2 protein chains.
Amino acid sequence: MGDLVRETGVSRGGIYSDFSGKQELFHACLDHYQEAVVTPVFAQVEAEDAGIDSIRCYFDNLLSGFEAMEGFGIGCLVGNTLTQIDPSEEVTQEKLQAHCTRLFNGFRKVLARENGPDGPLSAAELDDLAHFTMISAQGLWSYSRLTDDAAILRRYAETLIASIETRLRGAAS
Amino acid sequence: MGDLVRETGVSRGGIYSDFSGKQELFHACLDHYQEAVVTPVFAQVEAEDAGIDSIRCYFDNLLSGFEAMEGFGIGCLVGNTLTQIDPSEEVTQEKLQAHCTRLFNGFRKVLARENGPDGPLSAAELDDLAHFTMISAQGLWSYSRLTDDAAILRRYAETLIASIETRLRGAAS
DNA sequence: CTTGTTTTGGAATGTTCGTTCCAATAAGTT
DNA sequence: AACTTATTGGAACGAACATTCCAAAACAAG
């Protein structure tokens, strides 16, 4: 709380008059992160006419972020919270789930569009592939905290996208 | 610390006579986790003659664990630590890196063996694929904390292994 | 049994930190 | 200016908790 007062310039009383306590404040942070950070970077994937390039572009943006920083990263607020929160803290848990569902839906729509009406992938396979993309992004964020070699992360993303494209082209499931 | 005393039955003084403090104790926990948890479950992948089935089997064991528990999981000590530790805590950071390197090497050897001397994949591609497997496992652990639907996790692992096999069979990179 | 050595249970200490409180100050209103 | 209403800076309080300490109990050796 002292850090917050110092960094934001808002007084302790000010914070406590707007939020009932740290917990509520944190929930508000997650909401704010969603619109201030996730929405801009994910908007292209969520665009009505987005194709597979929007996914490539999404990962490319993440990677530019990794490459821009020196040393180790601090990860993503959602991803970090995911492995820090007590699973019984339901409000937070639901916000994290909403985030993951949002990513899933975004990827899912793009993949379905790219697959087309008579593509090689069934609805269930599209679900799997969208989950695969979403969960892989989570792995990427985690590992970005441990390596300062952004090239590894970039190749990870390339491998991921290549395997998505292979599936869309109709390789064996 | 109170929890430790209660759960282990060791007295406070006992703990502090064996370890200088919480930090050293935690480092010892990571080491212990490595040999008590990671080694048994990863041994098959590290076996001299392990093939791709050992990787399948490795993920299958993880998934059996996910399926066996009800509700949300608590994740993996290494994976959780990865997103909880201050990156400037070097001792821990090095232990986490050693863990990831271990997984990478294990997967890498299996993939190289499976690829054979004249397989479709270059050394660099084998590196990529081993990193891909290792980082994907991390994503799996993370997401296992958020869903109680183990089927999603299982399909994730199946998708991962399918894409590894596709690559080994020589699909486009 | 006696003496010396470990180990224990838990009180005591010191620190960190979330939260509350309030006098002082600033801002707004008539 | 006079008065009311926020806002601030920071002291104060209380809870949580890591660490230390120690008298009592358990144990070991002779």
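Quick note on labels: first sequence line is chain A, next is B, and so on, each numbered from 1. A quick note: this is a predicted structure, and the numbers were derived from the prediction, not measured.
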A/R145: salt bridge (charged side-chain N to carboxylate O under 4.0 Å, His left out) partners, not counting sequence neighbours: none

A/E114 side-chain N/O to A/I52 backbone N/O, donor-acceptor pair under 3.5 Å: yes

Partner residues of A/R12 under the side-chain hydrogen bond (donor to acceptor under 3.5 Å, both in side chains) criterion, sequence neighbours left out: none

Minimum-distance nucleotide (side-chain atoms of A/K22 versus C/dA11, C/dT8, C/dG18): C/dG18

Salt bridge present between B/D49 and B/R113 (N-O < 4.0 angstrom): no

Pairing residues for B/L30 by the side-chain contact (heavy atoms from CB on, under 4.5 Å) criterion, not counting sequence neighbours: B/F26, B/L77, B/T81, B/T92, B/K95

Between C/dT20 (C1') and A/M1 (CE): distance, integer Å: 12 Å

Positive for side-chain contact (heavy atoms from CB on, under 4.5 Å) with B/R155, one of A/L129, A/D127, A/D128: A/D128

Axis deviation across the helix from C/dC1-D/dG30 to C/dT30-D/dA1, five-pair ends, to the nearest 10°: 10°

Protein-nucleotide distance (A/F26, atom CZ; C/dG18, atom P), rounded to Å: 13 Å

First-last contacting nucleotides on DNA chain D - partner chain B, under 4.0 angstrom, heavy atom: D/dA18 to D/dT20

Within 6.0 Å of CD1 in A/I74, more than 12 heavy atoms from elsewhere: no

Test ring pair (Phe, Tyr, Trp, His ring centres under 6.0 Å) applied to A/F104 - qualifying residues, sequence neighbours left out: A/H131

